[in-house]
Amino acid sequence: MAVNTSLCGYNFWIKIISFRVPPLDLGSLVDSDEEEQDIIPEDLPAPTGKFKLKYQQYATEMKEGYKQYTQRNAEKAKAASTHEASRNEINEKCHQGEVASAGDLMTLDRKALLQQGYADSPYHRRSSTRKSDAETVALAKKKRTVTEQMMIDHLARAVISDPEQDLNTTKQESSHIPPDSKRAPLRVRRRTLHETKIRTNSTLTENDLSRKVEFDGRVLSRNGRDACRELVGFFFTHDQSLTVYEYRTFGKNRTNVLPFIKKDIYSHQCGRRKGKQYQLGDFYIGATLTFLTCDHPSLPKSIKENTLLRLRITNIDQITLDSLKTASVGHEEEDAASQEAQDQVVLQAIQDKLREQLHKRGVRVLTGLGKYFQQLDKEGNGLLEKADFQQVLRTFHLEVSEQDFESSWLILQGSSHGENKVDYGEFKRAIFGEMNEYRKSFVRKAFMKLDFNKTGMVSVIDIRKCYCAKKHPRVITGHSTEEEIKSSFLETLKDTCSKSDEVSYGEFEDYYEGLSVGIADDEDFVSILRTPWGI
């Protein structure tokens, strides 16, 4: 009887399981490859009259879609083979070190010119305006923080230099204090500010420090860590002194303002005005301030490797500058200013001639110059002789007359700190010119977005991840893919690098310096940087 009961229960559960689990239809399984192809066979059964129209429309769309899919695959395969062939050709030419003539364009030049297409693509005006407004507010906040810290630093030293402190201290020390007095002796009791004997040379007041010109600056260096430092300087008219502070960010929320160049009276260290004290007229956008690194032991080691520190003024408080300027200028300053103006006219004429030669091949030449200069600089101090620069011009087929070269060499010799040698960065800026500070500010923004650790170097992998080619006109119209535009950019950029997997700030700037030669409008150049980098 017990056995029959257990069998009945077993049958009961079998029925429930068979009811809940549907039978597996092995015939409905289809191979994944066959499912993806969606090929419509020719001998389909005729549909009913009710759905005949919908069926014909569906069949037509499927056939047309499969046809387009086949064409796209064929085009991709063809483009991939062409891309691989051109890449091999570029690598072979770069390996042999061949340099084309001025009139010919290499494949590398054509790939670089693809980046100019971003200038034809209007970016979102509203979004860019919103971003620029936010950047303006953040910049004003930084400057206010730096100004407040500078005032605190100098006024704190000025307060303890009160003229009455010596008088008060002398009276208190000379006065006789009875032993039974309730007042504690001077050596024991807590001293107030004017009872101290601390002295400083500073007698500044808030009124003195308020008569100042505020300017933004950057270090002229190929080292990305130094070139991207945020510097804010102050020139004080009451004693013709200046100081420079650095705004530094540590992590996301921590910031600090540190002195970069101590407050003192400084003079020009090179050029026509060498030895002359800095005056109010020396401060304008694009001016270069020079300092001896040995006078500033607190400077970073990378900056002290060179004898001179060159500081470029990128922005200035023009309203305050105009209000503080006076009409009286010395004859010596007038003579030096006129000579510098004549030098600039000579260099500008040479730059205009070379700009025509670099119009289409600026990226290849200017980036190649950076690598070639480093190879010639065996000592690593950035200085080269006259014969070296002549050899560079011949190697890159740059036509400069002997008279123009001699004139430029005399000008550079006058502004050089060394003997019979010139800094090749100064030579490059003088002969070929450079981007204005507005353009360079966006180049630094793009690099700082990539170099979030502020090491001065960016890996090619990070560049590939951050570069976006979706808004390139050729991608929008379907003439090129995102990968093709990105690969063309990376190939031209990697050709400038001394390392295959890293890009330094100097190499990054050289690339956009060469690209800037063929772009006249500043906003077009900004679009080339803003659109792919999202700045």
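Note that these values count all heavy atoms, side chains included, but never hydrogens, waters or copies made by symmetry.
The aromatic rings of Tyr512 and Phe489 are tilted relative to each other, their planes meeting at an angle between 30° and 60°. A perpendicular orientation is assigned to the rings of Tyr118 and His472, their planes being inclined by more than 60° (bins at 30° and 60°).
Contact check on Glu230 versus Lys142 returns a salt bridge, with a Lys/Arg side-chain nitrogen under 4.0 Å from an Asp/Glu carboxylate oxygen. Between Asp216 and Lys143, at least one side-chain N (NZ, or NE/NH1/NH2) sits under 4.0 Å from a carboxylate O, which counts as a salt bridge. Between Glu426 and Arg310 a salt bridge is recorded (basic side-chain N to carboxylate O distance below 4.0 Å).
Side chains of Ser504 and Arg222: no donor on one and acceptor on the other come within 3.5 Å. Side chain to side chain, Glu482 and Tyr467 fail the donor-acceptor criterion of an N or O pair below 3.5 Å. In this model, no donor atom of one side chain and acceptor atom of the other lie less than 3.5 Å apart for Asp388 and Tyr424. Using modelled atom types, one finds no donor on one side chain facing an acceptor on the other under 3.5 Å when comparing Gln240 with Tyr266. The closest side-chain donor-acceptor pair between Asp282 and His268 falls under 3.5 angstrom. A donor-acceptor contact under 3.5 angstrom links the side chains of Ser241 and Asp239, judged on distance only. Side-chain contact of Tyr505 with Glu509: a donor-acceptor pair under 3.5 Å is present, judged by distance alone. Between Ser408 and Asp404, the side chains place no donor N or O within less than 3.5 Å of an acceptor N or O (distance only, hydrogens not considered).
A pairwise comparison of heavy atoms in Leu393 and Phe405 identifies CD1-CD1, 3.8 Å as the closest pair. Taking both residues in full, the closest heavy atoms of Trp533 and Leu450 are given as CZ3-CD2, 3.7 Å, listed atom of the first, atom of the second, then distance. Taking each heavy atom of Glu399 and Leu354 in turn, the nearest pair found is O-CD2, 4.0 Å.
Within a 6.0 Å radius of NZ in Lys494, no more than 12 heavy atoms belonging to other residues, nucleotides or ligands are found. Sparse packing is recorded around NZ of Lys141, with 12 or fewer heavy atoms of other residues, nucleotides or ligands lying under 6.0 Å away.
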Exercise. Can you check ring-ring contact (aromatic ring centres under 6.0 Å, His included) on Phe396 and Tyr372, steps first, answer last?
Worked result: CA-CA 10 Å; Phe396 287 87; Tyr372 200 80; 5.7 Å; yes
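A cation-pi contact, defined as under 6.0 Å to the ring centre and within 45° of the axis, links Lys263 to Phe236. With Phe432 as the aromatic partner, Lys428 does not meet the cation-pi criteria of under 6.0 angstrom to the ring centre and within 45 degrees of the ring axis.
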